[in-house]
Amino acid sequence: MEDREFDELAGRIEGVAKMVLHLVVALEDAGHINGPQYADGLRRAIQPDDKSPSHLAIAQRTVIELADALDEARARRRGPAH
């Protein structure tokens, strides 16, 4: 894969991730989903084992990072008083 192709793929993935994060925040703020429960579910969603393809470990790490980002955004929205 050439650098240009990698940058295109990485940019598209980043864009989709940002879109999903903003959607989840909007749904949580509107009271349609339980944000902490959703983030915890994300953390359990992918459980690779020794026989799993290597990309699943990368996917798990990425999903955990996104769940952490949701938790951090929630904490920032609530501010220090909560």
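Computed from a prediction, not measured in an experiment: that's the story for all the values here.
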*Find out whether E28 and L70 are in side-chain contact, i.e. whether some heavy atom of one side chain is under 4.5 Å from a heavy atom of the other.*
no
Only distances under 3.5 Å count here; give the side-chain donor-acceptor pairs of residues 60-68 to other protein atoms, sequence neighbours excluded, each with its distance to 0.1 Å.
residue: Q60; atom: NE2; partner: I46; partner atom: O; Å: 3.0
residue: T62; atom: OG1; partner: I58; partner atom: O; Å: 2.9
residue: D68; atom: OD1; partner: R43; partner atom: NE; Å: 3.3
residue: D68; atom: OD1; partner: R43; partner atom: NH2; Å: 2.8

_Minimum-distance pair of heavy atoms, taken over all atoms of A39 and R74_ = CB-NH2, 4.4 Å
*Can you establish whether the number of heavy atoms outside Q37 located under 6.0 Å from its atom CD is more than 12?*
no
*Which residues pass the side-chain contact (heavy atoms from CB on, under 4.5 Å) test with R12, sequence neighbours left out?*
E8
*Measure the CD-CG distance between Q47 and L56 for me, rounded to the nearest 0.5 Å.*
10.5 Å
*How far does CZ of R76 sit from CZ of R78, to the nearest 0.5 angstrom?*
13.0 Å
*With hydrophobic residues grouped by side-chain heavy-atom distances under 4.5 Å, do F6 and L9 end up in a single group?*
yes
*By side-chain contact (heavy atoms from CB on, under 4.5 Å), which residues pair with D3, not counting sequence neighbours?*
none
*Gap between atom CG of L42 and atom CG of D71 - 0.5 Å precision*: 9.5 Å
*Decide whether L23 and V16 are clustered together by the hydrophobic rule: side chain heavy atoms of Ile, Leu, Val, Met, Phe, Trp, Tyr closer than 4.5 Å, transitively.*
yes
